[in-house]
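Every chain is numbered from 1 and lettered A, B, ... according to where its sequence line falls, protein lines coming before strand lines.
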Number of protein chains: 2
Amino acid sequence: MSRMFNPPHPGETLREDILPALGLTVTEAAEQLGVARPSLSRVLNGRAAISPEMALRLEQWLGVENGGRADLWLAEQASYDLWQARRSFKPKIKPAIAAAKNTTAA
Amino acid sequence: MSRMFNPPHPGETLREDILPALGLTVTEAAEQLGVARPSLSRVLNGRAAISPEMALRLEQWLGVENGGRADLWLAEQASYDLWQARRSFKPKIKPAIAAAKNTTAA
DNA sequence: GAAATGTGTAACGTATCAGAGTACAGTTTT
DNA sequence: AAAACTGTACTCTGATACGTTACACATTTC
């Protein structure tokens, strides 16, 4: 299942795999992507998320046929976000089934 | 492919399927979920997204064994967000391959 | 018909976040 | 040494989730 490991921030993949494969510096990549260098740097180091817009940039930049599908980038990000949320947010909610069985009770 | 139809906002599913199946009003659902009624209403009517926290609330409320998996709610939301982003955001970016072939040129 | 309940939504405040721009310190490359 | 690259902090703008409050409208119940 997808819940057993700490999913990497997608920026990590970008920094460790994509950029080296393309032989590009952060500065060059930011220029080609049309974003500010600090903005890309934050993504690469996990300080900012892959936004839908950034995912579209990556898709057009890398090409859908080269593993650059926007939905995959967003899925990775969502996986990461959910993992983080599970660590810091513990809702205490009565299951709807149980709640339904106790409509009159409190 | 997942790009051929307009994906519904996950709140729509919640409003049209889940709540009726449980026989709950919006007010009751909001109470059980531990969120304000206007907040849930915004989600149900597509005015607000399913946040990671909200996804966790739904998961604990509905139960993972009842189609309430947080990752599925988030995936639906991401699908919706991406679709919307494709409509309003058209990045003009030179593909990295082409850019690599023209490192010297401008 | 009046009261209660449910609903959508607007308005406002708070917190958070993406992104641009700027600046600076530290490192690597030339 | 000089130039380039990098991470990061700071500020500003715009957007968003959420709470609270308030309002208008509808539906239900007495």
Taking [atom1] from [X] and [atom2] from [N], how many angstroms apart are they, rounded to a whole number?
| X | N | atom1 | atom2 | answer |
| --- | --- | --- | --- | --- |
| L40(A) | dA20(C) | CG | C1' | 14 Å |
| H9(B) | dT16(D) | NE2 | C1' | 12 Å |
| Q32(A) | dC5(D) | CD | P | 13 Å |
| F89(A) | dA17(D) | CZ | P | 15 Å |
| D81(A) | dT16(D) | CG | P | 16 Å |
| L14(B) | dG8(C) | CG | C1' | 16 Å |
| I50(A) | dG19(C) | CD1 | C1' | 13 Å |
| L74(B) | dA17(D) | CG | C1' | 14 Å |

Counting any heavy atom closer than 4.0 Å, what does [X] reach on the DNA or RNA strands: base, sugar-phosphate only, or nothing?
| X | value |
| --- | --- |
| R47(A) | sugar-phosphate |
| A36(B) | base |
| S41(A) | base |

Going by heavy atoms in the side chains, are [X] and [Y] under 4.5 Å from each other?
| X | Y | answer |
| --- | --- | --- |
| H9(A) | Q77(A) | yes |
| I18(A) | L58(A) | no |
| N6(A) | Q84(A) | yes |
| W73(B) | E59(B) | no |

Ranking S51(B) and V26(A) by the position along DNA chain D of their nearest nucleotide, the one closer to 5' is V26(A)
Which nucleotide, dA18(C), dC18(D), dG21(C), lies nearest any side-chain atom of A48(A)?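 The listed nucleotide nearest to A48(A)'s side chain is dA18(C).
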Nearest to the N45(B) side chain among dT6(D), dG8(C), dC18(D), which nucleotide is it?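 For the N45(B) side chain, the nearest candidate turns out to be dG8(C).
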Can you see if the side chain of T27(B) gets near the phosphate of dT7(C) - specifically, an N or O under 4.0 Å from OP1 or OP2? yes
Does the side chain of S39(A) get closer than 4.0 angstrom to OP1 or OP2 of dA20(C) through an N or O atom? yes
Residues forming a side-chain contact (heavy atoms from CB on, under 4.5 Å) with R42(B), sequence neighbours excluded: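 With neighbours one apart ignored, the set is P38(B), S39(B), R47(B), A48(B).
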Which comes earlier along DNA chain C counting from the 5' end, the contact point of R15(B) or that of P38(A), where each point is its nearest nucleotide?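 Looking at the nearest nucleotide for each, R15(B) comes out on the 5' side.
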Under the 3.5 Å rule, do the base of dG8(C) and the side chain of R37(B) count as making a donor-acceptor pair?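 Result: at least one qualifying N/O pair found.
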